[in-house]
Each structure stands twice: as C-alpha cells, then as structure tokens.
Asks: 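Mind looking over this structure? Questions follow.
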Amino acid sequence: MTQEKVIKIQADYRDSGLVERIAASFRRFWVDIKWMNMECDSGVCTIYMSINDAHNLGNLDLSIVTLSKMVDIDFVEELEGYEYKKFEMNYKKSKKFEWGVISE
C-alpha cells in the first residue's frame with residue numbers, strides 16, 4: 001500500500017533554484033515525489049507536493065524537518081483530507097520551438 005502524503009510549503013522566492021533545493025532535500029533521503037504544483041505571488045511561493053512514503057523506512061519525517069530548517073522556507077505543513085484535481089489547460093495560441101525554428 002502506498003502511503004501518499006500531500007504537504008504545503010511556503011517559501012520566499014530568491015532565485016530559480018528554489019524548486020531544485022526543495023526537491024533535493026527529499027531526494028537526499030530517498031523520498032519519492034509524485035507531483036509538484038507551485039504558485040508565486042510577489043516573492044512568496046506556495047508549493048504543494050505529493051510524496052510517497054512506502055519504501056524509504058520513514059525518512060519522510062526527517063526530510064520534512066530538514067526542509068523546514070532551510071533559509072528560504074517559511075513553513076512546511078502536512079495536509080490531511082486533501083482533494084486533488086488535475087488542472088486543465090485552455091489556450092488559444094501556441095509557439096512551437098523545434099531545433100531553433102519558431103512556428104506558430
């Protein structure tokens with residue numbers, strides 16, 4: 001049985017490596033990330049993550065504590081009773097980049 005947990009992270013956006021540092025803190029302890037969603041508003045980012053805790057012998061709690069002590073992180077919250085719906089993308093126009101050629 002997969003023990004999936006959803007956590008909410010609020011962080012200050014300094015540079016583009018924020019998501020990489022967050023993901024690295026989980027991968028360091030062999031915690032699998034299923035999906036991530038990030039929303040930024042005026043320098044404050046809210047990140048939702050679904051993580052699996054089935055095969056890593058309880059390293060999830062250790063990785064959450066380590067993440068909460070990072071410089072950019074305001075707080076880490078483990079959500080209970082969540083409901084996740086895949087987002088739908090609606091677009092009118094797109095640009096396709098293919099080997100240096102831009103087509104519309």
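Throughout, residue positions are numbered sequentially from 1 according to the sequence presented.
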Asks: Determine, stepwise, if the pair Ile73 / Gln10 fulfils side-chain contact (heavy atoms from CB on, under 4.5 Å).
Replies: CA-CA 6 Å; Ile73 306 299; Gln10 186 168 347; over 6 Å; no
Asks: Side chains of Ile51 and Lys34: closer than 4.5 Å at any heavy-atom pair?
Replies: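 No, every pair of side-chain atoms sits at 4.5 Å or beyond.
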Asks: Set out, in order, the CA-CA distance, both residues' side-chain angles and the distance that settles side-chain contact (heavy atoms from CB on, under 4.5 Å) for Ile47 and Met36, then state yes or no.
Replies: CA-CA 7 Å; Ile47 302 166; Met36 294 177 74; 4.0 Å; yes
Asks: Quick check: do Leu79 and Ile7 have side-chain heavy atoms less than 4.5 Å from each other?
Replies: no
Asks: Quick one: pull up OG in Ser63 and CZ in Phe26 and give me the separation to the nearest 0.5 Å.
Replies: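 These two atoms lie 4.5 Å from each other.
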Asks: Same cluster or not: Leu62 versus Ile64, using hydrophobic residues (I, L, V, M, F, W, Y) connected whenever any side-chain heavy atoms lie under 4.5 Å apart?
Replies: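 Yes, Leu62 connects to Ile64 through the hydrophobic network.
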Asks: Can any side-chain N or O of Asn37 pair as donor or acceptor with the backbone N or O of Tyr48 at less than 3.5 Å?
Replies: no
Asks: Find out whether Met49 and Val6 are in side-chain contact, i.e. whether some heavy atom of one side chain is under 4.5 Å from a heavy atom of the other.
Replies: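 The answer is no, as the side chains (C-beta and beyond) never meet within the 4.5 Å cut-off.
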Asks: Under a 3.5 Å distance rule, please check whether Arg14 uses its side chain to pair with a backbone N or O of Leu18 as donor and acceptor.
Replies: no
Asks: Inspect the surroundings of CD in Glu77 and state if more than 12 heavy atoms from other residues, nucleotides or ligands are less than 6.0 Å away.
Replies: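 Yes - once you tally the heavy atoms of other residues, nucleotides and ligands closer than 6.0 Å, there are more than 12.
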Asks: When rounded to the nearest 0.5 angstrom, what is the spacing between CD1 in Ile9 and OG in Ser25?
Replies: 7.0 Å
Asks: Could you give the distance from NZ (Lys5) to CG (Leu60), rounded to the nearest 0.5 Å?
Replies: 5.0 Å
Asks: Under 4.5 Å between side-chain heavy atoms, counting indirect links through other Ile/Leu/Val/Met/Phe/Trp/Tyr residues: same cluster for Val65 and Val31 or not?
Replies: no
Asks: Show your reasoning for whether side-chain contact (heavy atoms from CB on, under 4.5 Å) applies to Arg28 and Thr66.
Replies: CA-CA 10 Å; Arg28 182 179 304 134; Thr66 304; 4.1 Å; yes
Asks: Shared ILVMFWY cluster between Ile33 and Met38, side chains joined below 4.5 angstrom?
Replies: yes
Asks: Answer whether the closest heavy-atom distance between the side chains of Asp15 and Arg21 falls below 4.5 Å.
Replies: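 Result yes, sub-4.5 Å side-chain heavy-atom pair found.
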Asks: Does the pair Val76 and Lys8 meet the rule for a side-chain contact (heavy atoms from CB on, under 4.5 Å), with working shown?
Replies: CA-CA 6 Å; Val76 179; Lys8 176 182 177 182; over 6 Å; no
